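Chain identifiers are assigned alphabetically (A, B, ...) following the order of the sequence lines, protein sequences preceding nucleic acid strands; residue numbering begins at 1 within each chain. The shown structure was predicted, so the numbers you read here are calculated from the model rather than taken from an experiment.
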Amino acid sequence: MTKADIISDVFDKVGLPKQDAEELVEMILDTIKQTLKQSETVKLSGFGNFVVRKKRSRKGRNPKTGQEIEITPRSVVSFRPSMIFKEHVIESTESTASAAPAAE
Amino acid sequence: MTKAELIDRISEKKPGLTRKQVEVVVNTVLDSIKFALAKEDKVEIRGFGSFRIRHRRAKEGRNPKTGETVSVPPKKVPFFKAGKEMREMVDGKI
């Protein structure tokens, strides 16, 4: 699934013109990105939280040459799915497994 | 920023739509991602990141209170990996 599929979903389910659907999806993604850029947490209830974590500098190794290098300190995004999201994934895969046990 | 604040910010930028309409769109986007992962589909959003399911193997756990060994069943968990543009933005490179 790609952004185009998400846009089609919005178009089908919400009944907005395609151009609006597209613009809104872009705005949602962009607003989340811009907020994370400011190192601010994004909490989407029922979905999960995007958190910016600061990583300290650490030693790494080039796996090819074995040479030791310093990995510079950096900020990274981590996503913590909500309980609802986690349960949704577990339940729906379980129900398909029990509904179609032969479909392996 | 919470979901309500996200909806507010977008509503301000799109005066042609009601707040309710924006709310429905935000929820639809999040639901599409959730439903795709529930079907074990991957969701790839260029510049943002990708969502997919990670499988956790069954393992032997221990009840920390009683020390009893319990078997932890295999699990599926949603996983997000930030895209290149997102990574660089958050790290102050863009």
Side-chain angles (χ1 to χ4, degrees), chain A residues 1-3 5-16 20-21 23-25 27-50 52-53 55 72-82 84-86 88-96, chain B residues 1-11 13-14 16-17 21-22 24-55 73-83 85-94:
Chain A
M1 179 162 153
T2 63
K3 189 157 68 186
D5 299 308
I6 297 176
I7 294 166
S8 305
D9 250 13
V10 171
F11 174 71
D12 292 343
K13 290 180 190 150
V14 185
L16 285 173
D20 282 349
E23 198 189 343
L24 280 171
V25 171
M27 282 170 89
I28 292 166
L29 298 171
D30 207 54
T31 308
I32 295 173
K33 268 200 291 196
Q34 293 296 341
T35 306
L36 292 172
K37 186 181 162 70
Q38 312 302 319
S39 294
E40 191 187 329
T41 299
V42 177
K43 298 187 201 180
L44 303 172
S45 89
F47 188 77
N49 299 346
F50 292 93
V52 175
R53 294 168 60 186
K55 299 276 211 173
T72 52
R74 61 193 66 204
S75 299
V76 298
V77 181
S78 81
F79 174 67
R80 298 201 42 153
S82 72
I84 296 175
F85 194 173
K86 287 200 245 178
H88 184 74
V89 164
I90 291 167
E91 275 165 27
S92 46
T93 46
E94 266 172 7
S95 61
T96 38
Chain B
M1 181 174 76
T2 62
K3 187 155 85 181
E5 287 162 354
L6 172 66
I7 294 164
D8 288 339
R9 283 189 211 182
I10 292 167
S11 304
K13 289 189 219 157
K14 283 287 283 179
L17 296 176
Q21 281 174 309
V22 175
V24 173
V25 174
V26 169
N27 285 326
T28 306
V29 171
L30 300 179
D31 284 347
S32 303
I33 297 172
K34 272 202 279 196
F35 284 111
L37 287 205
K39 288 186 292 180
E40 296 208 31
D41 246 0
K42 255 197 304 199
V43 181
E44 290 178 328
I45 305 167
R46 189 79 32 98
F48 189 85
S50 59
F51 294 88
R52 61 188 173 81
I53 292 292
R54 263 200 179 172
H55 296 263
K75 244 191 282 192
K76 290 169 180 168
V77 290
F79 176 75
F80 173 74
K81 184 167 184 248
E85 198 191 328
M86 170 81 98
R87 273 202 315 267
E88 291 180 351
M89 260 176 103
V90 168
D91 202 25
K93 289 188 175 129
I94 299 184

Could you tell me whether the side chain of [X] and the main chain of [Y] form a donor-acceptor pair under 3.5 Å?
X       : Y       : answer
B/Glu5  : B/Thr2  : yes
A/Arg74 : A/Thr72 : yes
A/Ser75 : B/Asp91 : no

Which portion of [X] sits near chain B, non-hydrogen atoms under 4.5 angstrom:
X       : value
A/Glu23 : side chain
A/Thr41 : backbone
A/Ile7  : neither
A/Val52 : side chain
A/Lys86 : both

### Message
Centre-to-centre under 6.0 Å for A/Phe85 and B/Phe51, is that the case here?
### Response
no
### Message
Which one wins on heavy-atom pair count under 4.5 Å against chain A: B/Val29, B/Asp41, B/Val77?
### Response
B/Val29
#### Entry: Closest-packed option against chain A by number of heavy-atom pairs under 4.5 Å, given B/Val22, B/Ile33, B/Val24
B/Ile33
Which atoms of [X] approach chain A - backbone, side chain, both or neither, heavy atom under 4.5 Å:
X       : result
B/Lys42 : backbone
B/Leu6  : side chain
B/Ile10 : both

### Query
So, B/Lys14 and A/Asp20, do they make that salt bridge, N to O below 4.0 Å?
yes
### Query
Looking at B/Glu85 and B/Arg46, does any basic side-chain N land under 4.0 Å from a carboxylate oxygen?
no
### Task
Please name all residues satisfying side chain to side chain donor-acceptor pair (under 3.5 Å) with A/Lys43, sequence neighbours left out, ordered by chain then number.
none
Under a 4.5 Å cutoff for heavy-atom pairs, which residue among [options] has the most contacts with chain B?
options                            : result
A/Ser45, A/Ala21, A/Gly48          : A/Ser45
A/Ile84, A/Asp5, A/Thr2            : A/Thr2
A/Gln34, A/Met27, A/Lys3           : A/Met27
A/Val76, A/Val25, A/Leu16, A/Ile32 : A/Ile32

#### Entry: Check: A/Arg53 and A/Val77 side chains under 4.5 Å, non-hydrogen atoms
no
### Task
Give a yes or no on whether B/Lys13 atom NZ has more than 12 heavy-atom contacts from other residues, nucleotides or ligands under 6.0 Å away.
yes
